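Start at 1 with the first residue, then count along the sequence. Everything numeric here is computed off the predicted structure, so don't read it as measured data.
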Amino acid sequence: MTEGPIFKGLGGPGRAARPVYLDHNATAPARPEVVAAVSEALAEGGNASSVHARGRAARARVEAAREHVAALVGARPGQVVFTSGGTEANNQALRGAGRSYAIAAAIEHDSVLAARPDAALAPVTADGVIDLDALDALLAARPEPAIVSVMLANNETGVIQPVAEAAAIAHRHGALVHCDAVQAAGKIPVDMAALGVDYLALSAHKIAGPIGAGALIARDGAPLEALIRGGGQERGLRAGTENAPAIAGFGVAARLAAEGLAEFGRLAALRDAMERRLAAIAPGAIAFGANAPRLPNTSKVAMPGVDGATQVMALDLDGIAVSAGAACSSGRVEAPRVLAAMGVPDALAVAAIRVSLGRTTTADDIDRLVAAWRALFLRASLRAA
């Protein structure tokens, strides 16, 4: 029997309560220290390429940020090229490395697959982990040197990839290796040398920094061409006046992220408890990738019978922000590509939402989510009866 709109009756107590933000994988709200650093740099002004006092002050902010960003991932400051974000960093590595043959894991971010639409796709397991034997076979299938792209952690499921193992395989075949570490940095320890990759991409706003800043870190000697040409900024690898305010904020965010890594790990307990509670409400609820190592803050969970877009809207009415997938794909209605690559049936894939916690997430926030999710599930069950 139909009981009316599925949104009816939702959002009771939540409307008067503070908003709950559980979409940190899309953008982590900027920390106060970051806002202060950006504001100070904007107020001071100056072009980092100018030699007068204000220019030198802007340059000092850029170079201090370069040191903090490098330290976050075990790199040297001289290896850091500042970009407008992770998308540009991914594009520069994959298009500027000079390799005609590209291989990417099937679950890579759209910015990777769009940068190299010609890439051969390496399949993943049902848990969302790249198949290393398949990668080896793809590398052996063609004689020319390749570039391989394997993300460190998936932005939707949070599943951590065996990047070091993939890099070892790729290097045996003479391939270069690019790693999109946008979602992993600041959430788990990242060491570029230990990973053995040639290129690593980062984004400021995923670690509570400003939108509009990112970095490509290139191993010494790794081939790299500029995508944006003009002046000689960033050692000639990225022309254009550096966005010193955003870069300054990026540096502060990187320093704070490195200092807070251990604390960030506590989110795994909140996430796991949430998944257990959701499964108790809806026995058919599935957390994808839960059998593999994951980021401590990320859950991709399905409510069978209710599509993800409906869940996102219903929870939003209750003051709770989650997403149905990658933020850049939020307008799509087809089954999520990442889950499809994992072999998840379309009917279940479209019923999934992504819940991503952050440093400000509390147990009360999880209680609010579970209560709202329960109300939606019960409402949907009544409609289906």
Salt bridge (Lys or Arg N to Asp or Glu O under 4.0 Å) evaluation trace for Glu234 with Arg66: CA-CA 11 Å; Glu234 296 302 294; Arg66 200 183 307 276; 2.8 Å; yes
Pair Ile188-Gln183, side-chain contact (heavy atoms from CB on, under 4.5 Å): steps then yes or no: CA-CA 9 Å; Ile188 58 174; Gln183 286 295 345; over 6 Å; no
Criterion side-chain contact (heavy atoms from CB on, under 4.5 Å) on Asn297 and Arg271, from CA distance to verdict: CA-CA 6 Å; Asn297 76 314; Arg271 188 269 315 277; over 6 Å; no
side-chain contact (heavy atoms from CB on, under 4.5 Å) evaluation trace for Val197 with Leu200: CA-CA 7 Å; Val197 300; Leu200 191 103; 4.1 Å; yes
Derivation of the side-chain contact (heavy atoms from CB on, under 4.5 Å) call for Ile286 and Leu348: CA-CA 9 Å; Ile286 297 175; Leu348 189 58; 3.4 Å; yes
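Although no hydrogens or angles enter the test, the distance criterion places a donor-acceptor pair under 3.5 Å between the side chain of Gln161 and the main chain of Gly128. Formation of a donor-acceptor pair under 3.5 Å by the Arg61 side chain with backbone atoms of Ala248 is not found in this model. Side chain of Asp180 to backbone of Met151: no donor-acceptor contact under 3.5 angstrom is found. At distances below 3.5 Å, at least one donor-acceptor pair connects side-chain atoms of Tyr21 with backbone N or O atoms of Asp23. Not a single donor-acceptor pair under 3.5 Å links the side chain of Arg99 to the backbone N or O of Glu144. Not a single donor-acceptor pair under 3.5 Å links the side chain of Arg142 to the backbone N or O of Leu139. Remark: the backbone N or O of Asn154 is not paired with any side-chain donor or acceptor of Thr157 at under 3.5 angstrom. Put simply, the side chain of Asp131 gets close to the backbone of Asp133: a donor and an acceptor are under 3.5 Å apart. In this structure a side-chain-to-backbone donor-acceptor pair under 3.5 Å is missing from Arg219 to Asp198. Remark: the backbone N or O of Ala257 is not paired with any side-chain donor or acceptor of Arg359 at under 3.5 angstrom.
Side-chain contact check for Thr87 and Asn90: no donor-acceptor pair (N or O, by modelled atom type) lies under 3.5 Å. Side-chain atoms of His109 and Asn155 form no donor-acceptor pair, as typed in the model, at a separation below 3.5 Å. Neither side chain, His24 nor Ser356, offers a donor N or O lying under 3.5 Å from an acceptor on the other. Between the side chains of Asn25 and Lys300, no donor-acceptor pair is found at a separation under 3.5 Å. Using modelled atom types, one finds a donor on one side chain and an acceptor on the other under 3.5 Å when comparing Arg354 with Ser323.
No continuous path of hydrophobic side-chain contacts links Val182 to Val112 [ILVMFWY only; heavy atoms under 4.5 Å]. In the hydrophobic cluster analysis, where Ile, Leu, Val, Met, Phe, Trp and Tyr join through side-chain heavy atoms closer than 4.5 angstrom, Val81 is grouped apart from Leu72. Cluster membership for Ile228 and Phe82, using ILVMFWY side-chain heavy atoms within less than 4.5 angstrom, is not shared. Leu113 and Val148 are assigned to two separate hydrophobic clusters, defined by single-linkage of ILVMFWY side chains at heavy-atom distances under 4.5 Å. Cluster membership for Val370 and Phe377, using ILVMFWY side-chain heavy atoms within less than 4.5 angstrom, is shared.
In terms of heavy atoms, Ala120 sits closest to Leu138 at CB-CD2, 4.2 Å. Asn91 approaches Ala115 most closely through the heavy-atom pair OD1-CB, 3.4 Å. In plain terms, the two heavy atoms of Trp373 and Leu315 that are nearest each other are N-CD2, 4.1 Å. What you find for Gln92 and Glu225 is that their closest heavy atoms are NE2-O, 3.3 Å. Taking all atoms of both residues into account, the shortest heavy-atom contact from Ala341 to Ile107 is CB-CG2, 4.0 Å. Closest heavy-atom contact between Ala324 and Ala309: CB-N, 4.4 Å.
Considering only heavy atoms from C-beta on, Met303 stays 4.5 Å or farther from Ile353 through its side chain. Between Pro162 and Val150, the closest side-chain pair of non-hydrogen atoms is not below 4.5 Å. Residues Ser149 and Ile103 have side chains not in contact (no heavy-atom distance under 4.5 Å, counting atoms from C-beta outward). Using a 4.5 Å cut-off on side-chain heavy atoms (C-beta onward), Pro245 and Glu40 make no contact. Between Leu224 and Leu237 the shortest side-chain heavy-atom distance falls below 4.5 Å. The shortest distance between side-chain heavy atoms of Gln311 and Leu376 falls below 4.5 Å. Counting heavy atoms from C-beta on, the side chains of Asp365 and Leu357 never come closer than 4.5 Å. At least one side-chain heavy atom of Val73 sits less than 4.5 Å from a side-chain heavy atom of Leu202.
Between Glu242 and Arg235 there is no salt bridge, since none of the side-chain N atoms of the basic residue sits less than 4.0 Å from a carboxylate O of the acidic one. Using a 4.0 Å cut-off between charged nitrogen and carboxylate oxygen, Glu156 and Arg337 do not count as a salt-bridge pair. Salt bridge annotation for Arg238-Glu88: present, with a cationic side-chain nitrogen under 4.0 angstrom from a carboxylate oxygen. Salt bridge Asp272/Arg277: absent, no basic N to carboxylate O contact under 4.0 Å.
Between the OH atom in Tyr101 and the NE2 atom in His173 there is a gap of 10.0 Å [rounded to 0.5 Å]. Here Tyr199 contributes atom OH and Met192 contributes atom CE; the two are 9.0 Å apart, rounded to the nearest 0.5 Å. Atom NE2 of His68 is separated from atom CG of Leu256 by 9.0 Å, given to the nearest 0.5 angstrom. Asp364 contributes atom CG, which lies 9.5 Å from atom CD1 of Ile366 (distance to the nearest 0.5 angstrom). Residue Arg116 holds its CZ atom at 7.0 Å from CG of Leu94, rounded to the nearest 0.5 Å. Once rounded to the nearest 0.5 Å, the distance linking CZ of Arg56 with OG of Ser50 reads 10.5 Å.
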